Every structure is written in C-alpha cells, then in structure tokens.
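None of the values given here were measured: they were computed from a predicted structure.
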Amino acid sequence: MNRTPPRVETAEPLAAWDPCAPLRPGVRLLEASAGTGKTFGIADLFVRLVAEADLTVAEILVVTFTNAATAELRERLRRRLREAGLACQRALANPAILPEGDDAVVLRHIVSLGDGVGALAHLALRERRLREAIEGFDEAQISTIHGFCQRALQQHAFESGAGFDLTLLTDTRPLEQEVIDDFLAGALHSVEPQVVAMLADLGVDHAGLASLAQARARHPDAKIRSDAGTAPSPDLRAYFAAIDAARAAWQGDRDGAIALLIDDLESPAKVRCLNARSVTAEVVTAKAAELERWLTGRPPPPISSAPDATGRTAPAWLYLSASFLAARTVGGRAAPQHRVFDALDDVATAIWAVVPKARDHAEAIVAAFLDRLDNELRDRKRARNSQGYDDLLRDLRDALLAPATATTLRRRIAGAYRAALIDEFQDTDDIQWTIFREVFAGDRGGDSDGDGDSDGDGDGDGEVAGHSGKCARDHHLVLIGDPKQAIYAFRGGDIHTYARAAAQADEIRSLAVNHRSDRRLVVACNHLFGGRDTFATPAIRFQAVGAARPDRLLADGDHGIELRWLPQALTDTGKPLTNGWLDANLPDLVASDVAALVAGGARIDA
C-alpha cells in the first residue's frame, strides 16, 4: 500500500466519496459538512462491511461522542441492516426488483451482482450475513469513546495494568476541590490577609485554581513552565504606607483637590492648564467617587492590576496622580498642584514596584499547585479505587504506548475488531487519536497466507480489496468529521489533531451533496466561504457541495443568504454586543424576519 501522506495543506478540492467504492483496508478520512448525510454514510459503510466483507456486528467498532448520539446511531444502523436484508430477500425472489430512491444507492449495489454463475448464491450469502447481523445486533459495539476505553481496560486488565472493580466518577470536581482546599490551606496559612486578597485577584483562590484544574484535565500532556521559582511573598509595607498617606491627604482636603481640577477645566482655553480632551470634568468627578471607595476599603482592595491604561480606563489612583495630570497639560503649562495628587503619585510608585513581585509570587504558587495536582488526584483516586472519564482515556493511551504492555495490548484489542468507524472525528483530541492510531492504524495488510482470501470469509472470493503479503488481520479505520467545526474545540477537539490524522490517512474524500438545505442557500454558502484562506489555516479546506433539494422557500428576491448588520447602537449602552445580549434579543429579531416573510406572501413549497 502506498503510505505517502496526502498533502493536507493543498487548496485543491477533495474528490467526492463513492459509497460503492471497493472496501479497501486502511485509514480513510471522510469530510462531511452539515447536511451531507454523515450518519447515513456511516450506516451504509456498516451494512457493506457486514454484507460484503463478512464482518460480524461485534467486529465493527462504532464510536461517537455522546450517549444520545450513541442511541440514535444504534437505531439507525439497525434500521439500515433491516432495509438491506429486505432488499436482498426481494432480489432473491425477483432479481429484476431493485431498491428505488436516491437513498438506495448502496442497497442497489449490494443486490446487483449481475447474471454470472453463482450470482444468486452470492446474493444469498449476503442476505444470510445481514440476517445474522440483525439477529445478533445486541452484540454491536456502538459506544462513546469513554465506553470503548472502559471496556478495553476492563477486558484487558492484566495487559493494561488497570485495577479491578474500579468505581467510575462521573464528576471529579469534588475531588479536585478537596485537593484545592488542602493546597490553599497549606500555601496561605501564614500569609497576611492583604496578600491573600491580592493573590485572589490574580487567580490564586478556589475559583481560579478550579479553573486551572479543569484546563489541566483538558490538556494533561501540557508542559508546566514557570520562571518564578520560589518567589517570596511581596513586602507590602511601602504600599500600605503610601495608602495611609494618600488616605490622610484625601480625607484632609478631597473637595479642594477636586475643585482645583474642575476650576481649571472650566477656565477659558487661553488660561487652562489641563488638556480638556484628555481630562474632563465628568471623568474627574467619577474618578473622585471611585477613589473614595478605594481608599476607604478595609483592608485596601487588591492591587494586582497595574494597567498601562490611559484616559478614561485608568484607575482612579493613576488618573488623579500628579504624574498623570502633568502629562496632560496644554502648551507645557504646569498642571494644578495639590498634596492629594502627590500622595497618589507615591501610591502609583508603590504599586508599580510591588505588582511584578506579586505576580511572580502568584505564578510560583500556581506552578506548585499544578506540580502537585496530578499526583494528588491520582493518589486520592487510587485510595478510593476510582477513576474519572479522562483517566479512562489517559490510562488506555499510556498502556498502548508503554514498552512493557504496548505490543500485547494492541494485539488483543485489535484482534477483537476488524473495522472502526469514528463519528464526529473533528472533536477528537490528541489522546483519543493516539488510541485509535495505535490500535487500528498499525501494521496493516490483506492476505498473508496466500490463499487468495483477502476478505477472510473462507470462500476465496476476495470481496474486500486486499494487499498481498501482509497481515491477515487488516483493519478498516474510517474517520468521519467536519474540520470546520474543529475551530470550536468541542469536547477538547483541536484542528491540529485533525490535521495530523489527515496526514496519516491513505485516502481523504468529501461527502459532496447537501441533502438538507435549499439550493440557493447551498450556492450562497459555497460563494461566501469559498475563498482561499477562509478559515486562516491550511488544515481546513472549504469544500463546495451540491444541493439535492430545490428551492422550497418561495419569496420575493432570490437571496440565498442575507447578512444582518447589528450596530452597537442597538444596545442601550452603545458598547459592543455581548453573547448575553444576543441570546436575549436574537429570537425577537429572527421572529421579526419570519413575520415579515409571511406578511410579504412567502410560502414553503414542501
């Protein structure tokens, strides 16, 4: 077999997948955009592997990513087996009767064996295989990736080193919280309350460490790198001294300080010192209120953010400091002078000095936490004889890569299957792809014993196209997914893993026809997204597709897509639109569009 990886970086369109092409072992990648019949394609592949390749339902692993999708896929596969079996029975009764309809291409292929000698016997053989598959469908291996890993670890406990009778934790967050509680109790037990508050603002608290624990679970192989070492807790004495001095000055003459600025800003331009474009009376008043709250806090609020911000976004202690005001004068004139502004200058100096040290200290604590997290979780799970969903994946991956267990474990798992169909492959992360690759994409071949029976059914007909001189236990690994969806990183999937898998595929094909949307919408999407660098990465190619459906929405105009511009003015604040605003308002906007279509006489031709 030619193992030269395809050039996934090319912008050339993929060839369309032929659902009736020979069933050759190897790694196949099917790119399936929304509406192109992905689940239908999986069902057709499943039926052909049973009818033509003589695989039992127990020898075909089908993996998807949710329990709901698993249940739906199981029913779809059962139904398609029944349809194929019924088509064979009818063809045996009358070879002239062929399945009809666009969705019966594969069924026609299965029953169309020509008029040659043995054609009916061959058709009867396929009908028997399908009938036995339906009768034994309870043995079908259709599961989530976690279900597959759990089953593999349990069935091969000696080879994988997995524990017996482990309890599966559906939620590991309570255990993570225990680790966090114990860690913070030890790390912060002798730290000043003000430092604790400052560290919390830098993410060193229960919520921040919980978020890090979840990120670590999503990226267990990420390297922890920190230059902070064992950075000591920052000395806050100079900061508190500056705060006390600023508080005293503020309480002594806050009104005088603010009046000095307001009077200058309201002066005629020829005598005004401050640049009214950079400093305004409105903002000065708002910053004064902010400074009042900040200086009267007990203890002083966290000081973790020392921004480079200017203008309205600057914090009050910076906006009203002498240095900030001096940099915003007109024609080199001197800024208004007051001891409050000077005291805030000292606060700013103290903050700039302490914040880098605080960040280093927080980074050192976070690094220590991450360094302990994996071991602590593993020890606590072992003590309770339990494991989480992520452990299932990591444990199987590690066992498949470990020199002491890899060869035997791969052979045992691979020996149970002859094909694997991986649904929603764009949601696969590197750990999951490593598992599939090690089990199903290792040494492959066709007929090793020279009997001409590359499909292994004992009749020497070689229905599955094999490759002579190689392993008899050859595998079909079919990956089905939409790389465009990988950009959302659902379930931890990433486009880089998809690209690596694509580079190792023997063949990449595209499901080329959309069966869901109107023709105008399909044509418009092809035009809108058909640019060369639409997705900003060569790993994602936009594949133009055809349309099986006509235009059912009949309305004035012939627009397949209308782009709606939502200006910031739609919000009361004038700020950029947020997800919360969109969630609350998009239903009304869509309903208005639908109402306008109905009012305009639009109709759907079903």
Side-chain angles (χ1 to χ4, degrees), residues 193-203 205 236 238-269 271-330 333-355 358 568-569 571-576 578 580-581:
Q194 294 88 347
V195 176
V196 172
M198 178 181 61
L199 291 172
D201 201 45
L202 285 165
D205 59 1
L236 299 184
Y239 166 71
F240 287 131
I243 286 286
D244 289 341
R247 182 183 295 112
W250 179 252
Q251 293 175 346
D253 192 19
R254 76 191 79 179
D255 294 337
I258 299 305
L260 194 63
L261 296 179
I262 299 297
D263 289 346
D264 179 79
L265 291 169
E266 293 179 348
S267 299
V271 297
R272 186 187 307 137
C273 297
L274 294 172
N275 186 334
R277 293 182 179 180
S278 302
V279 182
T280 68
E282 177 186 7
V283 177
V284 165
T285 302
K287 295 299 181 182
E290 178 187 331
L291 186 63
E292 174 75 18
R293 293 190 298 271
W294 193 73
L295 287 175
T296 55
R298 291 290 192 272
I303 58 167
S304 64
S305 58
D308 297 324
T310 59
R312 295 171 182 266
T313 61
W317 52 263
L318 178 60
Y319 192 94
L320 299 177
S321 66
S323 297
F324 188 92
L325 296 172
R328 286 157 180 79
T329 59
V330 178
R333 298 170 187 169
Q337 305 291 313
H338 196 281
R339 61 192 180 100
V340 167
F341 310 148
D342 293 335
L344 291 177
D345 240 13
D346 294 337
V347 169
T349 299
I351 287 177
W352 298 122
V354 78
V355 163
Q568 295 182 13
T571 66
D572 295 334
T573 62
K575 295 180 179 179
T578 63
W581 186 94

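Residues meeting the side-chain hydrogen bond (donor to acceptor under 3.5 Å, both in side chains) test with D346, sequence neighbours left out: none. Scanning for side-chain hydrogen bond (donor to acceptor under 3.5 Å, both in side chains) contacts around E292 gives W250, R254, with sequence neighbours left out.
Closest of all the heavy-atom pairs between A242 and A350 is CB-CB, 4.2 Å. Annotation for V340 and D253: closest pair CG2-O, 4.3 Å, computed over non-hydrogen atoms. Taking every heavy atom of both residues into account, V271 and S267 meet most closely at CG2-CB, 3.9 Å.
Residues T280 and L265 have side chains not in contact (no heavy-atom distance under 4.5 Å, counting atoms from C-beta outward). In this structure, W294 and I243 have side chains that are in contact, with non-hydrogen atoms separated by less than 4.5 Å. Counting heavy atoms from C-beta outward, D345 and F324 have side chains that stay 4.5 Å or more apart.
Atom OG of residue S323 and atom CZ of residue R328 lie 10.0 Å apart, to the nearest 0.5 angstrom. Distance check, rounded to the nearest 0.5 Å: CG of L261 to CG of L325 gives 5.5 Å.
Between W352 and W317, the two ring planes are perpendicular [angle over 60°; tilted spans 30° to 60°].
Contact check on D244 versus R247 returns a salt bridge, with a Lys/Arg side-chain nitrogen under 4.0 Å from an Asp/Glu carboxylate oxygen. Using a cut-off of 4.0 Å between Lys/Arg side-chain N and Asp/Glu carboxylate O, K287 and E290 are scored as salt-bridged.
Listed for the E266 side chain is no donor-acceptor partner under 3.5 Å among the backbone atoms of D264.
The only option from V196, V195, D201 that meets the side chain to side chain contact (heavy atoms under 4.5 Å, CB included) definition with L199 turns out to be V195.
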Point to revise | Check against side chain to side chain contact (heavy atoms under 4.5 Å, CB included), I351 and L318 | key: CA-CA 10 Å; I351 287 177; L318 178 60; over 6 Å; no

